[in-house]
Participant: 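Please read through the structure below; I'll follow up with questions.
Naming convention: chains lettered A, B, ... in sequence-line order (proteins, then strands); numbering from 1 in each chain.
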Amino acid sequence: MSAYLEFRQVTKRFPGVLALDDVSFTVERGTCHALIGENGAGKSTLGKILAGVYTADTGQILIEGRAIAPASPLEARELGVAMVHQELAFCPNLSVAENLCLGDLPRRAGFIDRTTLIARARAMLAAVGADIDPDTLIGTLSTGREQLVQIAAAVGTGAQIIVMDEPTSSLSATETADLFRLIGTLKARGLTLIYVSHRMEELFALCDNITVLRDGRHIATEPISDTQPTRVVTQMIGRELRAHTPAHLDRELGPVRLNVKNFSSCGAFKDINFSIRAGEIVGVAGIVGAGRSELVQAIFGLDSEATGHISVDDRPLLLGSIERALAAGLGLVPEDRKRQGLVLGLNCRENTALAALPLLTRLGFVRRNAERNLATTYTKRLRIKTPSIEALTAGLSGGNQQKIALAKWLARDCDVLLIDEPTRGVDVGAKAEIYQLLDELACEGKAMLVVSSELPELIGICRRIIVLRAGQIAGEVSRAAFSEASLMQLMAGLNAAA
Amino acid sequence: MLARLRVFFRFQESGLLLVILALGLLLTVFAGKVRTPVFERAVDGSRSRVFTTDATGERVPLTVEKNKFLNTQNLAQLAKDTSFIAVMAVGMAVVIIAGGIDLTVGAIYALASVVGALVLHRYGAEGLATTNSPIMGILLGAGACLGVACLCGLFTGGLIVALGVHPFIITLGGMAIFRGIAFVITKGQSVGAFPAAFRDFVRFEVSEGLSFVPLMTMVVVLIVGWIFLSRLAAGRRVYAVGGNELAARFSGIRVERVKLGVYLISGLCAGIAALLSLGYYGAATSGDGQGYELNVIAAAVVGGASLTGGRGSALGVVLGALIIQMISSGIVILGIDQNYSQIIIGSVVIAAVVLDHLNTWLARRRLTTAAN
């Protein structure tokens, strides 16, 4: 029996990297097929080649034995392949209905036929069980609901194969559960799903088969029932990964560095009280929209509406001013490093020195030697893999970019670090290095507030976890009581007793 | 040798240099010859024609044959014309690197010119405040010219920061406002009759036809601009804001201050160009510098400043200005109908951007092949 979908010796090259190297495997019809690998392993690239976003340099893709080579997403659509993207795939300024029918707007004498448009959109949404008003603007939908619209568009245009690229990376727990149910329904209808992710639990809960890629090479394809997470991790990174307890937990805590009292901002969070001591890592958990990022950004002075008291090293901090926050020794590693963290057009040296510029300046001139030394020091210290400190940050992998976003504040000598999503879009190996680094920094006496959507991450590195729900502190959990279940319950507001 | 060549080609400016050389060669070859009279300089500095007697014994002026493009007078003229545009283009480059655009430069040039002219006229031969020593008047005039230009820059920059409107809109309005003010205060009349010393200073020639002051001003502005952009912390902030405004803000850079600063710099550069023109032409009207903004933006873009921000250099835009100016003067020299000049310059700007894209694409491909 010939396979439904087959990749045959697919190779794809990008500037500086061989993204896919002679990858061959098959996918069976009506299954959910997991594609897993570290960042840069080539899993997204493979999905995008199938969906026509990229074209392969050499090799073939066959559906039911026929070779296909979609040159554009539109061609792929016509061949029955659709992709659900992580990032915005729609026009945010148009309505759900208009976006769904954008390729083929129903017209009557040149005017848009609104009745048909709405009816068609409603049918498409109903097919995936989405309860969304077709008249709402895409821009006002949450990521989860927008994804649902993407799936509706894929199913509605007759897609037989749907590629999902990290679909749960910004979904809340309930949205994720809904998505999983929907995937089950689609499978039952005979659709084939390619599920790109690096969240192990999800894959094991959801998928039938798993393909592991490493450095662009195919490592294994096997039924999920024949493997275990540890085996997959070993396949992904090519070595054993040992879990270890952070060293900072054994150290004595220092004095209080950051103290937040009655901190509120209209519509974002209310009445937040906590403090962090030197050498302590405090986690912030909560579902999307609970006010996590808003809170850290407000502490950093990015919210001019915030009220309350913040003191750093017992000195009160004037709210709403980044300059004051910087002067007090605060640093913020934002959640979206490409948008908020780095200037991708500048090189590693310039990005590392960006926040430290005032310290590196004499009579308005940047001290070039000092700057170079600083960049070299932190490139070594954080084990940033870059051809040179003069290389553009745009060409680095996600993990190394994240390290530069962190280096920027270390170079500025910040003692209180606010870190929002320290490892989003970072591969397993680099993740471990970042955790190690945070541990070292805590041992040196830095105080850190770490926001994350990944509970295992917080459980791994934090001494305490603050749980936010709807902008308020729902509870605080100390390390002894850490468990995903108890944190989840607090996040969702199911049970106050933790 | 090959390695040195490779280093040379790593800089975008080297491509521009090649274009300039090619243009120069082309113009020299196709320009043809022109006969010009020979002058001699008497002891008192006055110039007079040299005469000779021809075969029939008649007295005729002595002439020499020169290449229409490659002769000292034309090159000196080219240098002078380029200076005005290049000085403004350096300011424009700073704005464009910061991710903005400044359409007001031509209008600031006009307003600063007429304000400076009014002050200089007052201290000039026909003015109310004529004095024996012209220094005071010249300094006041220059101060007024530069001061007004800076104020204009602060005005547009301030509005852009305060209102958060796209700079295109604000500077489009500012362009009309500044030129309108220039028209109102001069009632549309030309203002001239400045202290003679000022004109003599700016027009001071080192060799035949080559004015020293505009050229040196351009060189100084270029060097200051280069140091600012590549060596000063303030320049680094300009690149950061243009490259990613949000990340710059998150890094503690005062984005508003940087934005205000770049428009101030652009205004100042327009003022410097205006001051040069006052000295060189000895008069100003509110219609001066009409359409300069387009030439200046063209020079910046041809010189490699990216309109999406974050990329560009001072040397690049000065070379860009030279290219634009060579093309304009080439059109005259080659005897092409003046009406075509707009079309040609427009095409050059588009071609430059296409070439830039091509260059980026090639660089990416080179990286890919290097990985093989």
Side-chain angles (χ1 to χ4, degrees), chain A residues 12-19 57 297 300-302 321-327 330-334 336-347 349-368 371 387 392-395 405 408-409 411-412 414 420, chain B residues 7 10-12 96-99 164 223-224 226-258 261 265 304-313 356 360-372:
Chain A
K12 174 78 186 171
R13 210 177 285 283
F14 284 119
V17 286
L18 188 56
D57 294 342
Q297 292 187 4
F300 192 58
L302 284 158
S321 153
I322 300 182
E323 287 100 67
R324 300 298 179 99
L326 281 173
L330 255 54
L332 170 69
V333 180
D336 186 342
R337 62 178 160 269
K338 287 191 181 168
R339 238 165 46 79
Q340 305 160 326
L342 299 175
V343 182
L344 292 176
L346 294 181
N347 62 32
R349 166 177 56 84
E350 290 162 328
N351 267 300
T352 308
L354 204 55
L357 270 185
L359 312 177
L360 291 170
T361 308
R362 189 168 44 206
L363 300 172
F365 283 82
V366 179
R367 289 185 289 141
R368 283 150 69 78
E371 188 189 19
L392 287 187
T393 43
K408 188 168 80 173
W409 297 113
R412 165 100 200 196
C414 290
D420 200 352
Chain B
V7 170
R10 201 137 27 113
F11 298 98
Q12 188 175 22
I96 288 179
I97 292 169
I223 291 172
V224 171
W226 176 71
I227 290 176
F228 173 81
L229 284 172
S230 67
R231 292 283 183 272
L232 295 193
R236 180 73 58 78
R237 293 195 183 100
V238 170
Y239 281 99
V241 168
N244 187 345
E245 188 178 326
L246 202 56
R249 193 185 297 278
F250 273 60
S251 301
I253 290 173
R254 294 169 202 179
V255 175
E256 283 74 24
R257 201 181 279 191
V258 173
I265 290 172
S306 163
L307 280 177
T308 46
R311 218 151 47 87
S313 74
D356 183 45
T360 322
W361 180 74
L362 277 177
R364 196 174 299 160
R365 243 183 52 149
R366 236 188 346 258
L367 272 174
T368 317
T369 15
N372 283 0

Participant: Any non-hydrogen side-chain atom of B/I227 less than 4.5 Å from a side-chain atom of A/F365?
Facilitator: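 Side chain of B/I227 against side chain of A/F365, heavy atoms only: contact under 4.5 Å found.
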Participant: Which heavy-atom pair separates B/S230 from A/R368 by the least distance, and what is that distance?
Facilitator: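 Distance-wise, the nearest heavy atoms are O-NH1, 4.5 Å.
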Participant: Hey, could you give me the OG/CG distance between B/S251 and A/L326, rounded to the nearest 0.5 Å?
Facilitator: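 With rounding to 0.5 Å, OG (B/S251) is 8.5 Å from CG (A/L326).
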Participant: Between A/L302, A/T361, A/L346, which has the largest tally of heavy atom pairs under 4.5 Å with chain B?
Facilitator: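 When all of A/L302, A/T361, A/L346 are compared, A/L302 has the most.
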Participant: So does A/R324 have more than 12 non-hydrogen atoms from other groups sitting under 6.0 Å from CZ?
Facilitator: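 Open.
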Participant: Determine the option with the most heavy-atom pairs under 4.5 angstrom with chain A, choosing from B/A240, B/G235, B/G242, B/A248.
Facilitator: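 If we count pairs closer than 4.5 Å to chain A, B/A240 comes out on top.
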Participant: For each of A/R362, A/E371, A/K338, tally heavy-atom pairs with chain B at distances under 4.5 Å, and name the one with the top tally.
Facilitator: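 Most pairs with chain B among the choices: A/E371.
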Participant: Measure across B/F250 and A/F300 and return the closest heavy-atom pair with its distance rounded to 0.1 Å.
Facilitator: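 Between these two residues, the closest heavy atoms are O-CE2, 3.4 Å.
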Participant: Closest heavy-atom contact between A/G341 and B/A247?
Facilitator: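 Looks like C-CB, 3.9 Å.
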Participant: Please identify, among B/R249, B/R231, B/E245, the residue contributing the most non-hydrogen atom pairs under 4.5 Å to chain A.
Facilitator: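 Highest number of pairs under 4.5 Å: B/R231.
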Participant: For the candidates A/Q297, A/K408, A/R339, which exhibits the highest count of non-hydrogen atom pairs separated by less than 4.5 Å from chain B?
Facilitator: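 That would be A/R339.
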Participant: How close do B/N244 and A/Q340 get, heavy atom to heavy atom, and via which atoms?
Facilitator: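 Looking at all heavy atoms of both residues, the shortest contact is ND2-N, 4.4 Å.
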Participant: Based on non-hydrogen pairs under 4.5 Å, which of A/L360, A/V343, A/L363 is most in contact with chain B?
Facilitator: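 Most heavy-atom pairs under 4.5 Å with chain B: A/V343.
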Participant: Is any side-chain heavy atom of A/L354 closer than 4.5 Å to a side-chain heavy atom of B/I253?
Facilitator: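 They are in side-chain contact.
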Participant: Under a 4.5 Å heavy-atom cut-off, does chain B meet the side chain of A/E350, its backbone, both or neither?
Facilitator: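 Both the backbone and the side chain of A/E350 come within 4.5 Å of chain B.
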Participant: Report which part of A/L342 has an atom under 4.5 Å of a heavy atom belonging to chain B: side chain, backbone, both, or neither.
Facilitator: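 Answer is backbone: N, CA, C or O of A/L342 sit under 4.5 Å from chain B.
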